[in-house]
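Scroll down for the structure; my scribbles are underneath it.
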There are 2 protein chains.
Amino acid sequence: MTPRIPVSVDLVVLTVRFAELCALVWRRDRPPYAGRWALSGGFIHLDEDLPAAAARVLAERAGLPGAPVHLEQLRTYGYPDRDPRQRVLSVAYLGLAPDLPASTEAHMSWRPLTELSEMAFDHRRIMLDGIERARSKLEYTSLGAAFCPPAFTVAELRRVYEIVWGRTLDPRNFHRKVTKAEGFLMPTGHSTTRDGGRPAMLYRRGPAELLRPPMMRPAKDVVRL
Amino acid sequence: MTPRIPVSVDLVVLTVRFAELCALVWRRDRPPYAGRWALSGGFIHLDEDLPAAAARVLAERAGLPGAPVHLEQLRTYGYPDRDPRQRVLSVAYLGLAPDLPASTEAHMSWRPLTELSEMAFDHRRIMLDGIERARSKLEYTSLGAAFCPPAFTVAELRRVYEIVWGRTLDPRNFHRKVTKAEGFLMPTGHSTTRDGGRPAMLYRRGPAELLRPPMMRPAKDVVRL
DNA sequence: AAAATAGTGTCTATTAGACAATATGCG
DNA sequence: CGCATATTGTCTAATAGACACTATTTT
């Protein structure tokens, strides 16, 4: 007889708003961990693929149906006591989103990391793993643009990097790096003054997914979480 | 009622032998997929942590108890039809091992990739994901040494890189890179002539896990699998 | 000595890091 | 104009890629 285990999908959905890295969470209203912040999650259905379950949780539980969120599998958490009621295996997904309104209907809200020191279950560990994945993916992929609106300026992209990495970056060197990286940015032909000052060119995400050579975080930030 | 699913752990254990990248596999002797190569795996026990399950499968099913194998979680595969008998969720682990004898008792053998074009279930996809993980980890970590014996020469480490990446590397530039990388190699004070020619210094793995800046694969190999 | 492999050095191209100067909007 | 931000450019340091040379063993 093979042991069978309940399996859930939990989502670490990150965005950048008000110059802070925020996660999409809700406040539990019943035990266990009543009053603590929790990631959105749900049990997978018996005939459901994992990416489909993640998309469903994003739409139904996280309240972001159809939103342009980059979703990728993060890792699986299976420590037997992670849920005190019963053993639950959790396949965590990482979502990177532009600054979208949180669904009040789904009781979700964006909270900066500083407010999330106490979370339900092992959700803080999962969230920290997601943040570290996001930080390292900005180094060697073009995923930083997933935090931006469809058309964005180089400075807006730079602020994403600065906030996710927690370091200021030289605007001129950053500009050189991303505009010279083949396929990272596609000019839209338009510009905007929404950031003040001289109008900035607007770009869309290009087809390139990898950044070669990578843009390394300044060494100070390489410390483990 | 929450749906419960059987969960297995499958192991992609890789090594370098006879100048080839090899995976540890066994030949299935019953349906489904009778006669095909399969990864070692097993169902997780009800009270067992995932790393513990992976270690147990490595010892009992893969026949490598106590062997110095680097194990890390790879990813989770959950497509409903991946096992035709019943839905099984598989948490895959990647193992990197030195050239160890395969256990005949466990009916395991090391097979080069070229022999593994047809495998049971989705094991080829899992194995390819493991290989891609290994290839990319060689770029930015010191894990190449996990394929080597406890004491090894720079040339032996270089051959690991060459075989895993499928590219020849310049011996002098490689030597400079790894010997100047802080904490990658620790001199043992001994040397060996087992590779012929002038005696080579023997090193042990150093404490560093990350290689900064990374050693990038030549661009030709960056293509997706 | 010849062959084989290890290890060091040198030159150059590329890239990152620091920083100056110019451009173009707005109030 | 004066201010804010964008964009281009320049100089320098670090690193990678290409390649020559010397060192130390075995046969």
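Note on naming: letters A, B, ... go to the chains in the order of the sequence lines (proteins, then strands), and numbering restarts at 1 for each one.
- Nearest nucleotide to the A/Val154 side chain, out of D/dT7, D/dT15, C/dA16: D/dT7.
- In terms of position on DNA chain D, the residue among A/Arg158 and B/Thr193 whose nearest nucleotide sits closer to the 5' end is A/Arg158.
- A/Leu157 has its CG atom 15 Å from the C1' atom of D/dA6, to the nearest Å.
- No N or O donor and acceptor, one from the side chain of A/Arg198 and one from the base of D/dA4, sit under 3.5 Å apart.
- Between B/Pro213 and B/Pro199, it is B/Pro213 whose nearest contact on DNA chain D lies nearer the 5' terminus.
- A donor-acceptor contact under 3.5 Å is formed by the side chain of A/Asn173 with the base of C/dA18.
- In the model, A/Asp129 has a side-chain atom that pairs as donor or acceptor with a side-chain atom of A/Tyr77 under 3.5 Å.
- In this structure, the side chains of A/His123 and A/Arg36 stay at 4.5 Å or more apart for every pair of heavy atoms.
- Between the C1' atom of D/dA6 and the CD atom of A/Glu156 lies a distance of 12 Å, rounded to the nearest Å.
- Candidate nucleotides D/dT7, C/dT24, C/dA6 were compared by shortest atom distance to the side chain of A/His175, and D/dT7 ranks first.
- When the C1' atom of D/dA16 is taken as reference, atom OH of B/Tyr140 falls 21 Å away, rounded to whole Å.
- No more than 12 heavy-atom neighbours from other residues, nucleotides or ligands sit within 6.0 angstrom of CZ on A/Arg61.
- With a 4.5 Å cut-off on side-chain heavy atoms, B/Trp110 and B/Glu20 do not count as touching.
- One atom, NE2 of B/His190, and another, C1' of D/dT25, lie 18 Å apart when rounded to the nearest Å.
- Note: CZ (A/Phe152) to P (D/dT5) measures 20 Å, nearest angstrom.
- Between the CD atom of A/Glu182 and the C1' atom of C/dT15 there is a distance of 16 Å, rounded to whole Å.
- Nearest nucleotide to the side chain of A/Arg172, out of D/dA16, C/dG7, D/dT8: D/dT8.
- Atom CG in A/Leu211 sits about 14 Å away from atom C1' in C/dA16, given to the nearest Å.
- The residue B/Asp170 sits close to a base: some heavy atom pair falls under 4.0 Å.
- Distances shown here put every side-chain N or O of B/Lys177 at or beyond 4.0 Å from the OP1 or OP2 atom of D/dT15.
- Across D/dT25, C/dC19, D/dA18, the shortest atom-to-atom separation from the side chain of B/Arg176 is found for D/dA18.
- Across all strands shown, A/Met201 has heavy atoms under 4.0 Å from sugar-phosphate atoms exclusively, and none from any base.
- The nearest whole Å value for the distance from the OH atom in A/Tyr203 to the P atom in D/dA6 is 12 Å.
- Between B/Tyr161 and B/Trp165, the ring planes are perpendicular. Angles over 60° get that label, and only those under 30° would be called parallel.
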